[in-house]
Engineer: 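A single structure is presented below for examination.
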Amino acid sequence: FFFLMIRRPPRSTQSRSSAASDVYKRQVHGALEYYLKCERIRATILGESHPDYATTLINIGWIYYNQKLLDQARQFNARALQILQVSQLSSTHPLVTSVNSLAQRISQPSTCAIQ
């Protein structure tokens, strides 16, 4: 038997990059949608002063930060920080270090992940 192999012309690097970027943006949008649902659920079940609720706020802040939406990232991070200050976690607790890391990056917007 004879098989004819047909090769597609190679895609340009630009189109691959653009396609990957589109997929990434859809995934980030989907993640944000789920985290916002999670925020509402955790607020209802745990209350808005629970450290696990703060975790969700931090994650939403990171998503906004990566989208270069710094005002929204700052708002969610500030809310998480207020919760963590009341809960009196140590400065080395992972939630506290995450809030501090995001706050530091927000203050230096040139370090946003998506260019």
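All residue numbers in this chain count up from 1 along the given sequence. All figures in this text were calculated on a predicted structure; none of them were measured in a lab.
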Engineer: Can you list, by chain and residue number, the hydrophobic cluster partners of I45 when the side-chain cut-off is 4.5 Å?
Structural biologist: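 Reading the cluster by chain and number, I45 sits alongside I41, L46.
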Engineer: Considering non-hydrogen atoms only, spot the tightest contact between S91 and T97 and give its length.
Structural biologist: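 For S91 and T97, the tightest heavy-atom pair comes out as O-CG2, 3.6 Å.
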Engineer: Where is the tightest heavy-atom contact between A80 and I58, given as atom of each residue plus distance?
Structural biologist: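 Scanning both residues, the minimum pair turns out to be CB-CG1, 3.5 Å.
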Engineer: If the condition is side-chain contact (heavy atoms from CB on, under 4.5 Å), which residues does Q88 pass it with, not counting sequence neighbours?
Structural biologist: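 Applying side-chain contact (heavy atoms from CB on, under 4.5 Å) to Q88 gives none.
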Engineer: Compare every heavy atom of L95 with every heavy atom of T55, then report the nearest pair and how far apart it is.
Structural biologist: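 Residues T55 and L95, closest heavy atoms: OG1-CD2, 3.1 Å.
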Engineer: With sequence neighbours left out, write down each residue that passes side-chain hydrogen bond (donor to acceptor under 3.5 Å, both in side chains) with R74, or none if nothing qualifies.
Structural biologist: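 Partners of R74 under the side-chain hydrogen bond (donor to acceptor under 3.5 Å, both in side chains) test: D71.
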Engineer: The criterion is side-chain contact (heavy atoms from CB on, under 4.5 Å); which residues satisfy it with S87, sequence neighbours excluded?
Structural biologist: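 With sequence neighbours excluded, S87 shows a side-chain contact (heavy atoms from CB on, under 4.5 Å) to P51, L84, L89, given in chain and number order.
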Engineer: Sorted by first residue and then second, give each salt bridge (charged side-chain N to carboxylate O under 4.0 Å, His left out) pair with at least one member in residues 27-47; sequence neighbours left out.
Structural biologist: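 Pairs touching residues 27-47 that pass the test: E33-K37, E39-R79.
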Engineer: Roughly how far, to the nearest 0.5 Å, is the CD atom of Q75 from the CG atom of L70?
Structural biologist: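 If I round to the nearest 0.5 Å, the distance is 11.5 Å.
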Engineer: With sequence neighbours excluded, what pairs up with S98 under the side-chain hydrogen bond (donor to acceptor under 3.5 Å, both in side chains) test?
Structural biologist: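 Applying side-chain hydrogen bond (donor to acceptor under 3.5 Å, both in side chains) to S98 gives W62.
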Engineer: Of all residues at least two apart in sequence or in a different chain, which pass the side-chain contact (heavy atoms from CB on, under 4.5 Å) check with E48?
Structural biologist: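 Per chain and number, E48 pairs via side-chain contact (heavy atoms from CB on, under 4.5 Å) with A43, Y53.
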Engineer: So, for A54 and I83, which heavy atoms are closest and what is the spacing to 0.1 Å?
Structural biologist: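 Shortest heavy-atom contact: CB-CG2, 3.9 Å.
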Engineer: Which residues pass the side-chain hydrogen bond (donor to acceptor under 3.5 Å, both in side chains) test with T44, not counting sequence neighbours?
Structural biologist: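 With neighbours one apart ignored, the set is empty.
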Engineer: For the residue pair L102 and G61, what are the closest heavy atoms and their distance?
Structural biologist: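 Closest approach of L102 to G61, heavy atoms only: CD2-C, 3.7 Å.
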Engineer: Could you tell me which residues satisfy side-chain hydrogen bond (donor to acceptor under 3.5 Å, both in side chains) with S90, sequence neighbours excluded, listed by chain and number?
Structural biologist: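 side-chain hydrogen bond (donor to acceptor under 3.5 Å, both in side chains) list for S90, sorted by chain: T92.
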Engineer: Quick one: pull up CG in N66 and CZ in R105 and give me the separation to the nearest 0.5 Å.
Structural biologist: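 Interatomic distance, N66 CG to R105 CZ, rounded to 0.5 Å: 8.5 Å.
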Engineer: Can you name the nearest heavy-atom pair linking Q67 to L32, along with the distance?
Structural biologist: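 For Q67 versus L32, the nearest heavy atoms are OE1-CD2, 4.2 Å.
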Engineer: Could you name each residue pair satisfying ring-ring contact (aromatic ring centres under 6.0 Å, His included) that touches residues 66-107, not counting sequence neighbours?
Structural biologist: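 Qualifying pairs, neighbours excluded: Y64-F76.
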Engineer: Could you list the residues that satisfy side-chain contact (heavy atoms from CB on, under 4.5 Å) with L81, not counting sequence neighbours?
Structural biologist: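 For L81, the residues satisfying side-chain contact (heavy atoms from CB on, under 4.5 Å) (neighbours in sequence not counted) are Q85, V99.
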